[in-house]
J.: 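Have a look at this one.
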Amino acid sequence: MQLYNTLTRRKEPFVPAVPGKVGMYVCGITAYDFCHIGHARSSVVFDVLVRYLRYTGLSVTFVRNFTDIDDKIIKRANEEGSTSEEVAERNIRYFYEDMDGLGILRADVEPRCTTHVPEMIQVTRQLIDKGHAYATPSGDVYFRVRSFKDYGKLSGRDVEELEAGARIAPGEEKEDPLDFALWKGAKPGEPSWDSPWGKGRPGWHIECSAMSEKHLPLPLDIHGGGQDLIFPHHENEIAQTEAALDKPFARYWVHNGFVQINQEKMSKSLGNFFTIREITARFLPEVLRFFLLTMHYRSPLDFSDEAMEEAEKGLRRIYAALAQVHAELDQPKSWNKGPLPKEIDAELADLTAKWREAMEDDLNTAAALGHVFGLVRLAGRVLENKGWRKLEGGKALLEKTLALMGEWGGVLGLFDRDPAAFLAELRTSRAARKGIEAATVDELLAARAAARAAKDFAGSDAIRGQLAEMGVEVKDTPAGQEWDVA
RNA sequence: GGCGGCAUAGCCAAGUGGUAAGGCAGAGGUCUGCAAAACCUCCAUCCUCCGGUUCAAAUCCGGAUGCCGCCUCCA
């Protein structure tokens, strides 16, 4: 497949270093708070990438870390009077709750920094030995940025220009303002580990270097994360790792775009910030996942209730089609001999090829989802045609539709629910959001049923109008009335 | 100031040289007591603007305008 590589700024054919095997590392969360939609996007994108690579037959080892010690965690622990372990442990639990809801698969290895301190000390020591890092009298260790000639190659920065804006903060003992911490000497009351430089804790960037090297062969085939990690985090990872080991760190750098609110970056300081659980309290998790995949992973994505509702309607249509196909297939009947017109099979083959092409092209899930709708329409046409739907060829197409939806859904992490159950949940979710009471609806529906039974169509229609004003649509089926939120 | 990205119909959104996917909304139709769902048809002669390259450009190049991101913790 083609993958956009931040390092070269182009799409490149993705070829693993070892045929058939992929080592992939994605920067995980810093466990100091609930996860937000940005985490959801990143997690969904790389989850789909892993699923797709496996779908194409590659054996993927996926490593995603947890940062469980850092300034923000310590700060949070101090604020609430607990420990950094408690803060990290709790937020990692929340992470799993949120991610499980979104259908994110567990990584093969999920290392935590606090269990890899010796490895980080080891890399730091190597860097000092090679002259790429230095310890200060107060027990910090800094990476000597100017000692690494390729510094800036990932983010396209120039060391001289960075220098212009850089300052050494009061109290820092850096040789150069560009230098960054590999090891931070412990301040009173902070969690710390013993090291050759005294008690302290690791800097942020060093963890990924140490943990990826421990759990995967270097260079990594794929290193991923959010766009905001390109600089300085990933730039620093490259500097440390390549300076310490004298070999390339990662071959393909993949970065997902931001989630925005009203065209602006989502951030706590702007107050336009949504956690995953805030969203999934109002929309089903699968709606969020579907929404995130309707845009290409590198594009900025604007989040809003309106956009979510639109995604919700799209997903509802897909599940409704699935429900109809199931219903048709489950109905006991004898199928008439004969195939469908050749064009139908040709269309199906075309859709299958196009879906695959879309995924091959830098994981274009937006286009792939477009082809899912193509399949929905195709099945709908067969269902609509009174002749076709009784044909063995029609049966075959309907079965193929289900198989393909299962296959594609397995890669996208969608469409795996029982359609009837999903639709029922969706209705409940939409009704709750719009303040529609099921009991009230049922009362009106009973009255309408009575009116219809008495052939009082004017009365029946009046009730329909009343329900419509509430945002409720009534559908008359052979089995009776059904309702949904418009 | 430096670096990078984006600008496609009412809205969202694919499309990186061969003549505009898909979704939502909307219009007409089939079906229906009436509806809904589903299906069919329609809905951008044109892709912010101005130049250029080419037989051919939304797609490449140059310029303009607008918006956004990074340069500080951040998915």
Side-chain angles (χ1 to χ4, degrees), chain A residues 6 9-11 26-30 32-33 35-46 70-72 75 152 155-158 160-162 164-167 169 204 224-233 235 255-260 263-269 273 290-291 294-296 298-302 304 306-307 309-318 320-321 323-324 354 358 361 364-374 376-386 452 455-458 460-461 464-465 467-468 472-477 481-484 486:
Chain A
T6 307
R9 277 159 235 219
R10 308 191 282 266
K11 282 191 214 172
V26 173
C27 291
I29 58 156
T30 297
Y32 76 105
D33 203 350
C35 291
H36 57 245
I37 324 174
H39 295 111
R41 183 177 199 189
S42 184
S43 302
V44 167
V45 164
F46 290 106
D70 109 307
D71 292 347
K72 292 190 290 293
K75 180 165 175 264
S155 54
R157 295 208 194 214
D158 182 275
E160 299 309 323
E161 275 158 10
L162 284 170
R167 284 268 157 77
W204 177 35
Q227 243 158 31
D228 53 335
L229 297 181
I230 295 172
F231 186 88
H233 187 50
E235 194 68 69
H255 294 97
N256 66 275
F258 278 116
V259 175
Q260 307 183 331
Q263 321 279 320
E264 276 185 324
K265 179 179 168 174
M266 185 177 80
S267 77
K268 288 192 173 172
S269 54
F273 189 84
F290 180 82
F291 167 71
T294 56
M295 266 70 79
H296 183 85
R298 282 190 284 117
S299 310
L301 167 165
D302 219 55
S304 67
E306 295 70 39
E309 296 228 4
E310 200 179 289
E312 190 177 59
K313 285 181 192 168
L315 186 60
R316 179 171 67 173
R317 182 168 156 210
I318 292 168
Q324 283 190 34
K354 292 256 180 62
D361 183 15
N364 192 339
T365 56
L369 247 18
H371 300 122
V372 168
F373 281 104
V376 165
R377 261 179 287 117
L378 191 61
R381 273 165 66 193
V382 173
L383 249 21
E384 277 305 306
N385 188 303
K386 290 193 168 74
R452 290 185 78 218
K455 299 264 190 256
D456 173 14
F457 290 123
S460 161
D461 287 351
R464 179 195 288 290
L467 286 161
V472 172
E473 274 174 352
V474 184
K475 169 160 62 159
D476 295 315
T477 75
Q481 305 178 100
E482 285 176 17
W483 68 278
D484 204 346

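So you know, we letter chains A, B, ... as the sequences are listed, proteins then strands, and number each from 1.
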J.: Could you give the distance separating B:A58 and B:G17 at their C1' atoms, to the nearest angstrom?
T.: 11 Å

J.: Does a distance-only test, which skips hydrogens and angles, find a donor-acceptor pair under 3.5 Å between the side chain of A:H36 and the base of B:A75?
T.: yes

J.: Run the salt-bridge test on A:R452 and A:D476 with the 4.0 Å N-O cut-off and return the result as yes or no.
T.: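 Yes, this pair counts.
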
J.: Would you classify A:F373 as touching base, sugar-phosphate or nothing, given that sugar-phosphate means primed atoms plus P, OP1 and OP2, and contacts are heavy atoms under 4.0 Å?
T.: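 Sugar-phosphate contact only.
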
J.: The side chain of A:N364 is closest to which nucleotide in this list: B:G22, B:A75, B:A14?
T.: B:A14

J.: State which of B:C73, B:A75, B:A38 makes the closest approach to the side chain of A:P232.
T.: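 Given the options B:C73, B:A75, B:A38, the side chain of A:P232 is closest to B:C73.
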
J.: In whole angstrom, give me the gap between the P atoms of B:C47 and B:C60.
T.: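 Here B:C47 and B:C60 have their P atoms 15 Å from each other.
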
J.: Write down the distance between CD1 (A:I230) and P (B:U72), rounded to a whole number of angstrom.
T.: 15 Å

J.: Looking for any heavy atom pair under 4.0 Å, which part of the strands does A:R317 touch: base, sugar-phosphate only, or nothing?
T.: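 Touches sugar-phosphate only.
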
J.: Can you tell me the pairing partner of B:A44 across any strand shown, Watson-Crick or G-U wobble, with both distances under 3.5 angstrom?
T.: none

J.: Considering only the P atoms, how many Å lie between B:G52 and B:U45, rounded to the nearest integer?
T.: 23 Å

J.: Which one is paired to B:C49, where only Watson-Crick or G-U wobble pairs with both distances under 3.5 angstrom count?
T.: B:G63

J.: Taking the nucleotide of RNA chain B with the closest heavy atom to each, which residue, A:R381 or A:M295, is nearer the 5' end?
T.: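 Comparing both residues, the 5'-ward one is A:M295.
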
J.: Checking contacts here: which listed nucleotide (B:G15, B:A75, B:C73) is nearest the side-chain heavy atoms of A:D361?
T.: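 Nearest listed nucleotide: B:G15.
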
J.: Within the 4.0 Å heavy-atom criterion, would you say A:S299 contacts the bases, only the backbone, or no part of the nucleic acid?
T.: sugar-phosphate

J.: Counting side-chain heavy atoms from C-beta on, which of B:C74, B:A14, B:G2 comes nearest to A:R157?
T.: B:G2

J.: Taking for each residue the nucleotide of RNA chain B with the nearest heavy atom, is it A:S460 or A:K475 whose nucleotide lies nearer the 5' end?
T.: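 Counting from the 5' end, the first nearest nucleotide belongs to A:S460.
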
J.: Using the P atoms only, state how far B:A14 lies from B:C6, rounded to an integer number of Å.
T.: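 Comparing P positions in B:C6 and B:A14 gives a spacing of 11 Å.
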
J.: For the base of B:G33, is there a side-chain donor-acceptor partner from A:R452 under 3.5 Å away?
T.: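 Yes.
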
J.: Tell me the partner of B:G10, counting only Watson-Crick (N1-N3 plus N6-O4 or O6-N4) or G-U wobble (N1-O2 and O6-N3) with both under 3.5 Å; none if nothing fits.
T.: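 In the structure as shown, B:G10 has B:C24 as its Watson-Crick or wobble partner.
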
J.: Expressed in angstrom and rounded to an integer, what is the separation of A:Q227 atom CD from B:U72 atom P?
T.: 17 Å

J.: With no hydrogens and no angle check, is any side-chain donor or acceptor of A:D484 less than 3.5 Å from a backbone partner on A:E473?
T.: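 Not at all, since once roles are kept as given, no pair shorter than 3.5 Å links the two residues.
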
J.: Less than 3.5 Å between a donor and an acceptor, one on the side chain of A:D158 and one on the base of B:C3, is that the case here?
T.: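 A donor-acceptor contact between them is absent.
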
J.: Using atom P of each nucleotide, how far apart are B:A44 and B:G66 to the nearest Å?
T.: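 So the two P atoms sit 30 Å from each other.
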
J.: Counting any heavy atom closer than 4.0 Å, what does A:D476 reach on the DNA or RNA strands: base, sugar-phosphate only, or nothing?
T.: base

J.: Quick one: A:E160 CD to B:G1 P, roughly how many Å, whole number?
T.: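 Checked: the CD to P distance equals 21 Å.
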
J.: Between B:A38, B:A75, B:C24, which one does the side chain of A:Q324 approach most closely?
T.: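 It is B:A38.
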
J.: Is it the case that the base of B:A75 and the side chain of A:R41 share a donor-acceptor contact (distance under 3.5 Å, atom types as modelled)?
T.: no

J.: When all nucleic acid strands are considered with a 4.0 Å heavy-atom cut-off, which category describes A:V259: base, sugar-phosphate, or nothing?
T.: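 Answer is base: heavy atoms of A:V259 come under 4.0 Å of a base.
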
J.: In whole Å, what separates the P atom of B:A25 from that of B:A37?
T.: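 Going atom to atom, P in each nucleotide, I get 9 Å.
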
J.: Quickly work out the A:E310 CD to B:C12 C1' distance and round it to whole Å.
T.: 5 Å

J.: If I pick the C1' atom on B:C31 and the same atom on B:C67, what distance separates them, to the nearest angstrom?
T.: 47 Å

J.: Round to a whole Å and report the spacing from CG of A:L378 to C1' of B:A21.
T.: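 Those two atoms, CG and C1', are 16 Å apart.
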
J.: Spell out yes or no: do the side chain of A:K265 and the base of B:C74 have one donor N/O and one acceptor N/O closer than 3.5 Å?
T.: yes

J.: Could you check how far CZ of A:F258 sits from C1' of B:C6, rounded to whole Å?
T.: 15 Å

J.: Using the C1' atom as the reference point in each nucleotide, state the distance between B:G4 and B:U54 in Å, no decimals.
T.: 29 Å

J.: Given the structure, check if the side chain of A:D461 and the base of B:G33 hold any donor-acceptor pair shorter than 3.5 Å.
T.: yes

J.: My understanding is that a pair needs two contacts under 3.5 Å, Watson-Crick or G-U wobble. By that rule, which nucleotide pairs with B:U30?
T.: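 Because both required distances fall under 3.5 Å, B:U30 counts as paired with B:A38.
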
J.: Could you please name the partner base of B:C73, counting Watson-Crick and G-U wobble pairs only when both distances are under 3.5 Å?
T.: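 Answer to the pairing question: none, since B:C73 forms no Watson-Crick or G-U pair.
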
J.: Between the side chains of A:K72 and A:D33, is the shortest nitrogen-to-carboxylate-oxygen separation below 4.0 Å, so that they form an ion pair?
T.: no

J.: Can you measure A:Q260 atom CD to B:A75 atom P for me and round it to whole angstrom units?
T.: 16 Å

J.: Just N and O in the side chain of A:R377: are any of them under 4.0 Å from OP1 or OP2 of B:G23?
T.: yes

